[in-house]
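Residue numbering restarts at 1 for every chain, and letters A, B, ... go by the order of the sequence lines. All figures in this text were calculated on a predicted structure; none of them were measured in a lab.
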There are 2 protein chains.
Amino acid sequence: MPKETVLPVLRELVRCYQAFERLSASNIRSFGLTPPQFDIIVTLGNTQGLSFKELGERSLITKGTLTGVIDRLVEKRLVQCALCRTDARSKIVRLTASGERMFEKIFVPHLEHCRPAFAALTPAARSQLASRLAELRNALESAAQPCDESAVA
Amino acid sequence: MPKETVLPVLRELVRCYQAFERLSASNIRSFGLTPPQFDIIVTLGNTQGLSFKELGERSLITKGTLTGVIDRLVEKRLVQCALCRTDARSKIVRLTASGERMFEKIFVPHLEHCRPAFAALTPAARSQLASRLAELRNALESAAQPCDESAVA
DNA sequence: TATTGTTATACTCTATAACTATA
DNA sequence: TATAGTTATAGAGTATAACAATA
């Protein structure tokens with residue numbers, strides 16, 4: 001396995017994501033949210049709430065950092081915290097009604113904002129790309145946690 | 001074009017990149033660099049130096065922020081600045097000899113660090129993924145700057 | 001006038017480590 | 001003992017806007 005066959009796809013992944021970020025971040029900021037805040041809103045969307053632990057795992061934000069990010073979202077009245085009934089150590093974070101509205105207000109337009117670029121690919125190409133990306137993601141997650149396949153949910 | 005065909009690939013792009021970040025960032029930090037600093041080092045690698053403007057465009061770091069990032073790399077003796085001979089407003093940033101060594105020392109092992117995951121895909125799948133990502137990147141860049149094709153270098 | 005880069009400001013994110021409370 | 005989350009700390013990244021020097 002020569003490295004030449006790894007580098008091109010690694011480079012394209014980074015570049016493609018950067019291009020996506022460029023298109024995405026300015027749109028997110030126009031709603032008064034930072035990218036990590038938006039990430040949390042999207043992660044909480046269509047759920048019944050997630051614990052800090054779950055949120056940290058899904059968003060790649062470490063626990064100390066997460067407290068601050070959630071605090072700011074609470075101040076903005078976009079999320080609220082509740083005690084977990086089955087484990088008193090755990091706190092459940094969920095969107096408020098206002099947070100739900102923000103989710104709808106941002107996510108759908110955000111999709112619309114990004115759609116033209118994605119629409120440049122044929123449906124078959126998009127489908128193929130999504131499959132390959134999922135394949136790579138699974139491999140990356142396995143590499144990160146080689147002894148814990150159950151975490152690759 | 002129903003949105004259902006856009007969302008899956010968008011989601012997979014984000015998730016796949018997050019998985020890559022998880023694997024990549026900890027490795028980068030183990031060398032005492034932050035991700036933006038690593039980004040600059042890699043961007044400068046194998047070049048004769050780039051202006052602040054070029055660096056900002058390639059790395060998505062805005063100019064005010066970039067000054068600070070470069071300052072820290074100068075303090076670490078990894079990059080140096082020189083005046084541009086053709087435009088006195090412009091400053092050229094390039095790797096020092098120490099920066100070149102850092103580039104070699106990090107980039108190749110970083111590739112090695114990431115390789116096992118990428119090796120899980122067949123060469124054909126990697127090649128296909130790289131092509132699709134490039135295709136999407138072009139579309140994203142065109143969407144961001146619909147009237148300036150020349151910037152899509 | 002427009003552009004390149006600096007500076008000042010204010011805030012957010014970030015990792016880390018020590019800590020509290022619960023399991 | 002281990003885990004969930006908080007707090008304190010120090011540093012880095014971030015956008016923005018006003019600014020200087022040059023084109």
Side-chain angles (χ1 to χ4, degrees), chain A residues 18 21-41 43 49-76 78-94 148 151, chain B residues 18 21-22 24-41 43 49-76 78-94 148 150-151:
Chain A
Q18 279 191 338
E21 266 288 295
R22 194 191 306 256
L23 186 61
S24 175
S26 63
N27 189 45
I28 288 168
R29 288 189 189 276
S30 74
F31 287 98
L33 294 178
T34 65
Q37 288 168 9
F38 179 70
D39 195 10
I40 297 295
I41 299 281
T43 303
L50 296 171
S51 69
F52 268 74
K53 179 175 166 56
E54 290 170 314
L55 267 180
E57 286 167 354
R58 296 199 192 188
S59 62
L60 305 194
I61 299 175
T62 54
K63 58 184 180 178
T65 303
L66 189 57
T67 299
V69 175
I70 298 296
D71 282 351
R72 278 163 225 122
L73 287 172
V74 169
E75 281 170 19
K76 291 178 179 176
L78 295 174
V79 308
Q80 58 191 6
C81 298
L83 296 177
C84 175
R85 277 182 287 273
T86 60
D87 187 338
R89 295 171 303 182
S90 189
K91 260 170 70 174
I92 305 297
V93 187
R94 59 178 299 176
D148 186 3
Chain B
Q18 279 191 336
E21 266 288 294
R22 194 191 307 257
S24 175
S26 63
N27 189 46
I28 289 168
R29 288 189 188 276
S30 73
F31 287 99
L33 293 179
T34 64
Q37 288 168 10
F38 179 71
D39 194 10
I40 297 294
I41 298 281
T43 303
L50 296 171
S51 69
F52 268 73
K53 180 176 165 55
E54 289 170 314
L55 267 180
E57 286 167 355
R58 296 199 193 189
S59 62
L60 306 194
I61 299 175
T62 53
K63 58 183 180 178
T65 303
L66 189 58
T67 299
V69 176
I70 298 296
D71 282 349
R72 278 162 224 123
L73 287 173
V74 169
E75 281 170 19
K76 291 178 179 176
L78 295 174
V79 307
Q80 58 190 4
C81 298
L83 296 178
C84 177
R85 277 183 287 272
T86 60
D87 187 338
R89 295 171 303 182
S90 189
K91 258 170 72 175
I92 305 298
V93 187
R94 59 178 300 176
D148 185 4
S150 70

When the distance from [atom1] of [X] to [atom2] of [N] is rounded to whole Å, what number comes out?
X     : N      : atom1 : atom2 : result
A:E75 : C:dC11 : CD    : P     : 11 Å
B:D39 : D:dT14 : CG    : P     : 9 Å
A:Q37 : C:dT14 : CD    : C1'   : 14 Å
A:L83 : D:dT6  : CG    : P     : 11 Å
A:K91 : D:dT3  : NZ    : P     : 21 Å
A:E54 : D:dT3  : CD    : P     : 16 Å
B:E21 : C:dC13 : CD    : C1'   : 14 Å
A:D71 : D:dG5  : CG    : P     : 13 Å

Which nucleotide in [options] has an atom nearest any side-chain atom of [X]:
X     : options               : result
B:T34 : C:dT14, D:dA12, C:dT6 : D:dA12
B:R89 : D:dG13, C:dG5, C:dA2  : C:dA2
B:R29 : C:dT14, C:dG5, D:dT22 : C:dT14
A:A88 : D:dG5, C:dA23, C:dT12 : C:dA23

| message | Checking the side chain of B:T65 only, and the main-chain atoms of B:I61 only, is there a donor and an acceptor separated by less than 3.5 Å? | response |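 No, because the side chain of B:T65 does not come within donor-acceptor range (under 3.5 Å) of the backbone of B:I61.
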
| query | With no hydrogens and no angle check, is any side-chain donor or acceptor of A:K53 less than 3.5 Å from a backbone partner on A:S90? | reply |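 Flag not set: sc A:K53 to bb A:S90 has no pair under 3.5 Å.
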
| request: For A:I28 and A:T34, run side-chain contact (heavy atoms from CB on, under 4.5 Å): C-alpha distance rounded to whole Å, both residues' side-chain angles, the deciding distance at 0.1 Å, then the answer. | output: CA-CA 7 Å; A:I28 288 168; A:T34 65; over 6 Å; no

| query | OP1, OP2 of D:dG5 versus side-chain N and O of A:S90: anything below 4.0 Å? | reply |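 For D:dG5, OP1 or OP2 has a side-chain N or O of A:S90 closer than 4.0 Å.
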
| query | Mapping A:R72 and B:K53 onto DNA chain C by nearest heavy atom, which one lands closer to the 5' end? | reply |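 The residue closer to the strand's 5' end, by nearest nucleotide, is B:K53.
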
| message | On DNA chain C, compare the nucleotides closest to A:T86 and B:I92; which residue's is nearer the 5' end? | response | B:I92

| query | Would B:T43 and B:L50 count as a side-chain contact (heavy atoms from CB on, under 4.5 Å) if you check the C-alpha gap in whole Å, the side-chain angles of each, and the deciding distance to 0.1 Å? | reply | CA-CA 9 Å; B:T43 303; B:L50 296 171; 3.8 Å; yes

| said: Does A:Q37 form a side-chain contact (heavy atoms from CB on, under 4.5 Å) with A:V69? I'd like the steps, not just the answer. | reply: CA-CA 7 Å; A:Q37 288 168 9; A:V69 175; 4.1 Å; yes

| message | Working note: A:E54 + A:R58, criterion salt bridge (Lys or Arg N to Asp or Glu O under 4.0 Å); need CA distance, chi angles, decisive distance, verdict. | response | CA-CA 6 Å; A:E54 290 170 314; A:R58 296 199 192 188; 5.1 Å; no

| task | Mind listing the residues from residues 56-70 of chain B sitting with a heavy atom below 4.0 Å of DNA chain C? Number order is fine. | result | B:K63, B:G64, B:T67

| message | Counting neighbours of CG on A:L83 that are heavy atoms of other residues, nucleotides or ligands and sit closer than 6.0 Å, is the number greater than 12? | response | no

